[in-house]
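Okay, so here's the structure we're looking at.
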Amino acid sequence: MALKFAAVRHRMPVLWARNFSISTISRFANSRTLRFTPQVNRSPASPMRRTVTWLEALHAREEGRPASITGFGKGSGDKPPTILERSMDDSYTSIFLPFKQDEWLLDAYVNSSGRLRIGQIFQDLDALAGVIAYKHCAPAEPTIVTASVDRISLQGVKTPLDDVELSGNVTWTGRSSMEITIKARTVPDNEVFLTANFTFVARHPITGKSFPINNLVPRNEAERQTFERAESYNAAKKKAAKDGGLLTSPPNAEEADIIHAMWLRQRAYEDPNSGLDLPADVIPMHDSMMQSTMLMQPQYRNRHSFMIFGGYLLRQTFELAYCCAAAFSHGQPHFISLDQTTFRSPVPVGSVLYLTATVAYTQNQPKSATGSPAGTFVQVRVDSTVRDIEHGTAEDSGSFTYTYFVENKKVSVLPVSYAEAMEYLDGRRKARESQSFGEALKGLEALDSAVTE
């Protein structure tokens, strides 16, 4: 299934204004009534348009009835689903973003530096993953939500603003969960520059309980290896969640030595008799903090009407993390990876979302013998909290860990309290577990032609 994004909605208002003469505009100025059609920021990746408007959904909720009708609202809700066998090809879907062919589509995807706005791509990745998930589950119509973003990594920095294809499929299934892998590649040379892995879960639309989905059956050796890799990863993820990490176990001997060395260094900086001043390139962790507060509007709701679309949250957290890394390093960060992120609770429309970005870990990188540039890897953790305005309750809605590389900058974060030291060690563990830093070294020679933030 291939979806070609019609960029007419981006182009038309601008061409309309550009092609009118001054006299025509003057006639509009004298008109009492003008017809205005707002352009809602919809993801080009999703063909699953909302079936009801926000006002219709709001009235339905006030009246205690479903906001939309699916097979479950037509009397089939009590029937157990028929579990089918699906191949990876069955869920394969792609979309084409013709940046070179459509200047106004490209205009919607570039940032202030004239490079590709990665946060906008994140929205499309999550939306496309949702399309793939629903295709795999068909003909059943469960509620499908993003459970986690297991990893999004930049595999190489590509030439400026080529046409881009996003494509992916289901690569593993459990009873009610599935892993979806999506790749972004340039067209026509077919070179992959970004890979994303999502985990989605299916829920019964009425009861909210887990919903069994179709089985994924590998058809050849390559698909079997992909399936087994995903299965092993999901088993390790569940084990890590049970272990609890630093919340249940103390730092190991190596980590204890790191904390002690940092504590001694901090004491020396604070001691007026030591003769040591805090270097300009060493920044206390609490000084790196950056925050934002947003009211969640219905224009960014998911297809189930009352919760915010996960891709929108990815874009907001990414761009705050980027600002945090840029302010911390006084440089231009280049995105390397988003490490494992779990959506702990949904974000309802009408709630207030609080985001706090903090530099959790840094690692300086000298210039390599192969010519990779010197600089600093900056890992930023974004914590999100959602507050219900009416009841005043607040919930942790998830944490997002982004890694950036800042070329020709040497800067380090210094944890001051024990709590900050634990955050530093947690960031260090994430960096090693995901091998973000080692993978990031590949392709850094092309940073001068980077098209990503």
Side-chain angles (χ1 to χ4, degrees), residues 41 43-45 97 108-130 146-155 157-158 164 166 182-184 193-199 288-294 296 300 302 308-329 331-344 347 353-362 377-386 397-406 427 430-431 434 436 439-440 450-453:
N41 183 19
S43 167
L97 301 173
Y109 277 80
V110 293
N111 62 21
S112 58
S113 301
R115 301 195 306 270
L116 194 62
R117 188 177 176 184
I118 283 291
Q120 197 76 3
I121 292 292
F122 280 3
Q123 285 195 162
D124 293 345
L125 292 174
D126 189 70
L128 177 58
T146 311
S148 66
V149 182
D150 300 319
R151 183 167 172 78
I152 299 177
S153 61
L154 194 66
Q155 295 179 315
V157 184
K158 189 50 192 170
V164 170
L166 308 179
I182 298 176
K183 294 183 178 181
F193 65 90
L194 185 144
T195 301
N197 296 90
F198 295 84
T199 297
S288 71
M289 187 178 296
M290 187 173 289
Q291 297 176 311
S292 72
T293 303
M294 292 170 285
M296 296 292 97
Y300 299 103
N302 62 21
I308 295 298
F309 166 51
Y312 175 73
L313 301 177
L314 286 176
R315 177 163 71 87
Q316 294 299 327
T317 56
F318 170 84
E319 294 186 348
L320 181 63
Y322 178 86
C323 292
C324 180
F328 174 83
S329 63
Q332 192 170 70
H334 297 272
F335 171 69
I336 299 298
S337 68
L338 165 61
D339 297 322
Q340 199 218 326
T341 293
T342 300
F343 293 90
R344 296 192 182 97
V347 178
L353 183 68
Y354 300 93
L355 300 179
T356 302
T358 308
V359 175
Y361 179 71
T362 54
F377 290 98
V378 180
Q379 186 190 96
V380 180
R381 190 190 71 254
V382 181
D383 298 317
S384 62
T385 302
V386 58
S397 55
S399 294
F400 305 75
T401 302
Y402 295 94
T403 299
Y404 300 90
F405 182 77
V406 186
K430 287 179 180 177
S434 66
S436 296
E439 293 175 4
V451 296
T452 59
E453 288 183 328

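Shown here are the side-chain hydrogen bond (donor to acceptor under 3.5 Å, both in side chains) partners of S397, two or more places apart in sequence or in another chain: S384. Judged as a side-chain contact (heavy atoms from CB on, under 4.5 Å), and not counting sequence neighbours, the contacts of S329 are V406, V411. Evaluation of the ring pair (Phe, Tyr, Trp, His ring centres under 6.0 Å) rule for F328 yields no partner, not counting sequence neighbours. For T358, the side-chain hydrogen bond (donor to acceptor under 3.5 Å, both in side chains) criterion is met by no residue, not counting sequence neighbours. Applying the side-chain contact (heavy atoms from CB on, under 4.5 Å) test to T401 and every residue at least two apart in sequence or in another chain returns D339, Q379, R381, K430. Judged as a side-chain hydrogen bond (donor to acceptor under 3.5 Å, both in side chains), and not counting sequence neighbours, the contacts of T195 are Q155. The side-chain contact (heavy atoms from CB on, under 4.5 Å) check on A357 picks up L320, C324, V380, V382, with sequence neighbours excluded. Take A326 and apply the side-chain contact (heavy atoms from CB on, under 4.5 Å) test, not counting sequence neighbours, and it matches P333. With sequence neighbours excluded, the residues forming a side-chain hydrogen bond (donor to acceptor under 3.5 Å, both in side chains) with D150 are S148, T199, K237, listed by chain and number. Checked against ring pair (Phe, Tyr, Trp, His ring centres under 6.0 Å), Y312 has the following partners two or more places apart in sequence or in another chain: Y300.
Atoms OH and CE, from Y322 and M290 in turn, are 12.0 Å apart once rounded to the nearest 0.5 Å. The CZ atom of F400 sits 9.5 Å away from the CG atom of D383 when rounded to the nearest 0.5 Å. Separating the CG atom in D126 from the CD1 atom in I182 is a distance of 8.0 Å, to the nearest 0.5 Å.
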Exercise for the section: Give the C-alpha distance, both sets of side-chain angles, the deciding distance and a yes or no for side-chain contact (heavy atoms from CB on, under 4.5 Å) between L125 and L194. Expected result: CA-CA 10 Å; L125 292 174; L194 185 144; 3.8 Å; yes

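When all heavy atoms of A196 and F198 are compared, the closest pair comes out as CB-CE1, 3.6 Å.
Side-chain atoms of D124 and Y109, non-hydrogen and from C-beta on, do get closer than 4.5 Å to each other.
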